[in-house]
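Working notes for the structure below.
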Amino acid sequence: SGINAEYGLGGTWMSSFEILLLVRILHGYGQFINFTGVYCWVVEFAPSHLRNSFSAIMLICWSMGYLVIVLAGYLITSWRYIFLATGAFNFLMTIPLLVYPCSPRFSLVNRGREEEAKRTLRSLGRICNNQLQLDMPLTFTSRKQNYWKQLRDFTRFPTMRKETLLCMFCWFIVASLFYGFSFGWTKISDDLYFSYLFAALGKVVALVSLIFICDLLGRRMCMLFWIIGGVLANLLAMPDVQISKDWSLEYVACLLGSICITAAFGQIYLITSELAPTSHRGMIMSFSSASARVGSFLGTHINLLYDVADRRVPLGVIATAGVAVAVAVWFMDDTTGRRIPETPQDVEDYAEEKGKKKYEAVQENGEEEL
């Protein structure tokens with residue numbers, strides 16, 4: 001957060017384009033480390049029945065930032081002052097992070113600090129008017145490891161490796177659709193600010209809807225619901241239908257598709273954080289976010305196909321990519337109502353337990369048929 005704020009302010013006084021570009025790269029570096037860390041913090045504090053709501057609320061706050069930046073761009077005419085305003089705002093957002101406690105899960109599993117975890121639990125108990133008695137030792141498995149040992153765990157634990165690769169693939173494609181889906185926002189209106197205002201409002205609508213749909217369908221089916229919705233929106237955009245003077249079927253599909261892809265992005269955040277064990281959650285979320293950044297770069301180039309091919313070609317490419325995500329999600333475990341794993345062994349144990357239950361179910365069905 002500090003890196004994000006410092007380089008945000010630093011851009012105010014840059015006079016060289018090359019240096020400003022470097023500052024923007026460092027600014028983005030700090031921004032995504034900050035967001036990934038805060039998201040992991042929220043997930044590790046939230047109980048399983050509230051994790052969906054907490055995740056969506058956090059992402060809604062992120063979407064509200066779109067409204068703030070659109071307003072800043074509209075009211076502030078100088079790019080230098082835009083950097084100054086956003087940098088100062090980021091410094092204010094750093095203050096809460098100085099007083100937030102460390103997650104007890106992280107303290108125990110990643111640091112092996114039992115007393116630190118107990119202090120956090122006692123503080124939370126006082127907030128809830130519940131005096132916790134934590135005189136007895138806590139039961140936990142500590143995996144205090146360096147970066148390289150964490151990487152080697154992916155060769156030792158195949159289920160964690162498979163789930164991480166599936167998540168990275170989904171993040172890559174969903175980010176490509178998220179940033180390249182707009183067939184496009186600037187076509188909704190000649191006013192750029194009005195277009196992005198609609199984009200921000202669409203994101204808020206998507207993430208509010210996500211809370212209810214996820215509670216109704218569960219984690220995996222909710223993800224499939226939104227991805228299939230995005231695919232259908234692309235197919236809906238293909239016919240040449242003019243609804244009114246300013247709106248066509250393609251524009252309406254753009255709004256609906258953006259809502260679906262935004263909700264899918266929010267859902268893959270939640271699924272990934274719940275599949276990843278506490279010992280490796282930061283690393284797996286970072287790998288997934290890095291995949292999303294690559295996808296976001298490539299996704300914006302999908303719109304270049306409009307200049308060299310029929311507009312149905314990029315729509316078909318996006319729809320096909322959505323189908324690929326749906327297939328990957330189908331092979332993921334459903335984390336609905338499941339406690340988040342603490343170590344890679346917990347991930348393997350859950351997969352083994354699931355396999356036994358499936359085998360027993362097959363055996364019972366076979367006996368019934370006989």
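Just so you know, these numbers come straight off a predicted model, no measurement behind them. Counting from 1, the numbers follow the sequence of the chain as shown.
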| request: Measure from the ring center of Trp171 to the ring center of Tyr269 and say whether it is less than 6.0 Å. | output: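 Under 6.0 Å, so yes.
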
| With the threshold set at 4.0 Å, does a side-chain nitrogen-carboxylate oxygen contact exist between Arg119 and Glu115? |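 Judged by the 4.0 Å cut-off on N to carboxylate O distance, Arg119 and Glu115 do not form a salt bridge.
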
| field | Cationic N near anionic O, under 4.0 Å, Arg338 to Glu274 | value |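 No, Arg338 and Glu274 are not salt-bridged.
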
When you measure from the side chain of [X] to the backbone of [Y], do you find a donor-acceptor pair of N or O atoms at a distance under 3.5 Å?
X      : Y      : value
Ser289 : Ser286 : no
Thr159 : Glu348 : no
Trp41  : Pro101 : yes

| task | Mind running side chain to side chain contact (heavy atoms under 4.5 Å, CB included) on Cys214 and Gln267 for me, showing each step along the way? | result | CA-CA 8 Å; Cys214 185; Gln267 190 67 12; 3.4 Å; yes

| query | How about Ser55 and Tyr39: does a side-chain donor come under 3.5 Å of a side-chain acceptor? | reply |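 Yes, because at least one side-chain N or O of Ser55 sits under 3.5 Å from a partner of the opposite role on Tyr39.
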
| said: Quiz question: by atom type and distance under 3.5 Å, do the side chains of Gln150 and Asn146 form a donor-acceptor pair? | reply: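 Short answer, no.
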
| field | side chain to side chain contact (heavy atoms under 4.5 Å, CB included) between Ile227 and Val174, worked out | value | CA-CA 9 Å; Ile227 286 295; Val174 171; 4.1 Å; yes

| When you look at Thr155 and Arg152, which way does the side chain to side chain donor-acceptor pair (under 3.5 Å) test go after all the steps? | CA-CA 6 Å; Thr155 64; Arg152 283 199 294 270; over 6 Å; no

| query | What is the minimum heavy-atom distance between Ala253 and Ala237, and which atoms define it? | reply |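 Reported closest heavy-atom pair: CB-CB, 3.7 Å.
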
| said: Met283 vs Phe154, test: side chain to side chain contact (heavy atoms under 4.5 Å, CB included). Steps then yes/no. | reply: CA-CA 11 Å; Met283 176 175 282; Phe154 288 98; 3.6 Å; yes

| task | Would you give the length of the straight line joining atom CE of Met332 to atom CZ of Arg219, rounded to the nearest 0.5 angstrom? | result |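 One finds 14.0 Å between CE of Met332 and CZ of Arg219.
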
| said: Can you tell me how far apart CG (Leu270) and OG1 (Thr335) are? Round to the nearest 0.5 Å. | reply: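 If we round to the nearest 0.5 Å, Leu270:CG and Thr335:OG1 are 6.0 Å apart.
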
| field | Test side chain to side chain contact (heavy atoms under 4.5 Å, CB included) applied to Glu114 and Ser107, step by step | value | CA-CA 7 Å; Glu114 184 174 351; Ser107 296; over 6 Å; no

